[in-house]
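Notes to accompany the following structure.
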Amino acid sequence: IVGQAQDLGTVTVYGQYLSLSETRQGGRLTVNAVEPPPPEDPELPSGGGGPGDPGNGGDTLATGRILTITTNYAETFSGETTDDYSRPTNAYLPKGTTDVLVKSVYDSASKNYYYLLGCGRRVYQRDAQVYQENGRISANTLTTGGVTVSGGYTQLEFQSLWHVPYNLQLLPQSYLSISGSGQPDYGITSFTAQYVEITFSYTPSVTGTPDVSGSPLFSRAEWLSDGSQSVLRLYLKETGGFYGYSVVWEEDGSLRFSFKHAPGSQSLAGKRIVIDPGHGGSHVGTAAGNVTEKSMTLKYALALRDKLESLGATVTLTRTGDSHLASDDHDDLVARADMARNNGTDLFISLHMYGSTSSTANGSSVHYFNEYSYEASVKVAAQMQAVYDSYNPGGQKRGARWDPFLVTRIHDCPAMLVECGFLTTPSNLELLINDSFMNDLAAAIASGIQDYFQSQPVSRTALAAFSVPLPDVTAGLPEERAV
């Protein structure tokens, strides 16, 4: 059966000889599920053309089926493997990016289907669509447009013959354990990047170098040639001085990068923070009796909101009632993360509660994905640990660690997921349902966030000039979730 294993039951063996008989039970037989076929591509339009037609350039670099990215933030995966492991060194691709389809890939562990692209990375098949059967990938020319420094961002614009794929990395940077088999660990002990490298695929020719002399983020820019690729290197003014970015293909075909500046002040006044109370609605999370994760995360989120607002922050909650943003788990998480994208958010924090089969597990932890989320996570973890030490001396110290949680895979700003404690450990549960402990832990998280902003250089331009309007996050949501 496609997609479903069949349990044929236990084998029973009967034996009889003259007046003697015996019955023995054998093993259980299970027929493994047949892997489902990959989804069919939609009907292709006749002829060529399409979004950012890659045939608009010069020499032919590749031919084949041409696809386009159809979602706003298409995560990319290593093309050298078939695994479903997220890596911060693989930048997302914005909607409209085009490339040649090399082959379809299936990962039996995650049961996900991907397209392997000519640029060497994979995307989920659900995030792309083939629109040309026999197309051409041509040599692109990238022309540097304007550099705008305004509203807390340095924006770089490029004119491109077609919507080429790119990758962005923060270098140099070492990680804890990214070689060998199994889930890599992109944890860091310090953020050491001195420059940003943007690699434009299929682009052997560039015109002009961005003038970043007016940027508080970058000191200079230069182009490096790498065969059929061009690499833009943007040197940071401060080692590790990177705070997030977004990328979009504009309607006129230009490509715009927006790089976030350091905070404009070291106080929380005016900082935009999104708090995500994990789970909600039918997504209960872990539970201990009638105490559910979804109810506890909301209580802690409301307490944290009050603390941050008292310090001057502007806070948005992804929910304020017992609800979720989408019935599908993946779509729900994406909708939560989207509330911190392209709107000037300074920090995203998702609150959760642990569950464990161990009756002695205790303590809190903070989880990050991107390198520039590390410092904020460490500071929040330290403040939370101090509270646990006062209530539970000798408890476990979990600290800050790297994890590829979907809601932390936001590129626009530092993001973290906080595990407040273990609902499934009676002694830890007793603390978590204690109002005094909740208030102290919420205050500790707020203090950690404050410590992070106070540690950053003051170089951000006035937020009042920020050109991307905040979305109405309450539009279309149930009344109890309106913020």
| query | Are side-chain N/O atoms of Thr345 and Arg272 paired as donor and acceptor at under 3.5 Å? | reply | no
| Have Glu293 and His352 got a donor and an acceptor in their side chains that come within less than 3.5 Å? | yes
| query | Between Ala221 and Val212, which heavy-atom pair has the shortest distance, and what is it? | reply | N-CG2, 4.0 Å
| said: Can you confirm whether the side chains of Asn90 and Thr76 place a donor and an acceptor under 3.5 Å from each other? | reply: no
| Any side-chain donor paired with an acceptor under 3.5 Å for His330 and Arg126? | yes
| remark: Smallest heavy-atom separation, Ser230 atom then Pro204 atom, equals OG-C, 3.9 Å
| remark: Here the pair of heavy atoms bringing Asp84 nearest to Ser110 is CB-OG, 3.5 Å
| message | Atom NZ of residue position Lys103 - does it have more than 12 heavy atoms of other residues, nucleotides or ligands inside 6.0 Å? | response | no
| task | Please work out whether the ring planes of Tyr245 and Phe242 are parallel, tilted or perpendicular, with thresholds of 30° and 60°. | result | tilted
| request: Decide whether Arg319 and Thr297 meet the rule of one side-chain donor and one side-chain acceptor closer than 3.5 Å. | output: yes
| Shortest non-hydrogen contact from Thr209 to Trp223? | OG1-CD1, 3.4 Å
| message | Distance alone, cut at 3.5 Å: any donor-acceptor contact between the side chains of Ser365 and Arg398? | response | no
| said: Quick one: does any side-chain atom of Arg65 pair with a main-chain N or O of Val100 as donor and acceptor, under 3.5 Å? | reply: no
| task | Please say whether more than 12 non-hydrogen atoms of neighbouring residues, nucleotides or ligands are located less than 6.0 Å from CD in Glu157. | result | yes
| message | Checking Tyr166 against Thr203: is there a side-chain donor and acceptor pair closer than 3.5 Å? | response | no
| query | Do you know the tightest heavy-atom contact between Lys271 and Pro263? | reply | CE-CB, 3.6 Å
| field | More than 12 heavy atoms of other groups within 6.0 Å of Lys237 NZ | value | yes
Side-chain donor-acceptor contacts of residues 405-414 below 3.5 Å, not counting sequence neighbours, with atom names and distances?
from	atom 1	to	atom 2	distance (Å)
Thr408	OG1	Phe405	O	2.7
Arg409	NE	Glu75	OE1	3.4
Arg409	NE	Glu75	OE2	3.3
Arg409	NE	Ser86	OG	3.4
Arg409	NH1	Pro404	O	2.4
Arg409	NH2	Glu75	OE1	3.2
Asp412	OD2	Asn342	N	3.0

| said: Looking only at the side chains, is there a donor atom on one of Arg256 and Ser258 sitting less than 3.5 Å from an acceptor on the other? | reply: yes
| query | Are more than 12 heavy atoms from other residues, nucleotides or ligands located less than 6.0 Å from atom CG of Asp59? | reply | no
| said: Working to the nearest 0.5 angstrom, can you tell me the gap between Leu255 CG and Phe158 CZ? | reply: 7.5 Å
| query | Would you call the rings of Tyr368 and Tyr374 parallel, tilted or perpendicular if under 30° counts as parallel and over 60° as perpendicular? | reply | perpendicular
| said: Go through it in stages, so that I can follow the logic: the residues are Tyr124 and Phe77, the test is ring-ring contact (aromatic ring centres under 6.0 Å, His included), and I'd like the CA-CA distance, side-chain angles, deciding distance and then a yes or no. | reply: CA-CA 9 Å; Tyr124 288 126; Phe77 300 85; 4.9 Å; yes
| message | Parallel, tilted or perpendicular, judged at 30° and 60°: which one describes the rings of Tyr354 and Phe422? | response | parallel
| request: Kindly assign one of parallel, tilted or perpendicular to the pair Tyr92 and Tyr73, based on the angle between their ring planes and the thresholds 30° and 60°. | output: perpendicular
| remark: Between Glu375 and Ser455, the two heavy atoms sitting closest are OE2-OG, 3.0 Å
Pairs under 3.5 angstrom only: tabulate donor-acceptor contacts from the side chains of residues 173-182 to other protein residues two or more places apart or in another chain.
from	atom 1	to	atom 2	distance (Å)
Gln173	OE1	Thr192	N	2.9
Gln173	OE1	Thr192	OG1	3.4
Gln173	NE2	Ser190	O	3.0
Tyr175	OH	Glu371	OE2	2.6

| request: Look at Lys111 together with Asp107 and state whether they make a salt bridge at an N to O cut-off of under 4.0 Å. | output: no
| note | By side chain to side chain contact (heavy atoms under 4.5 Å, CB included), Ser364 pairs with (sequence neighbours left out) Met384, Tyr388
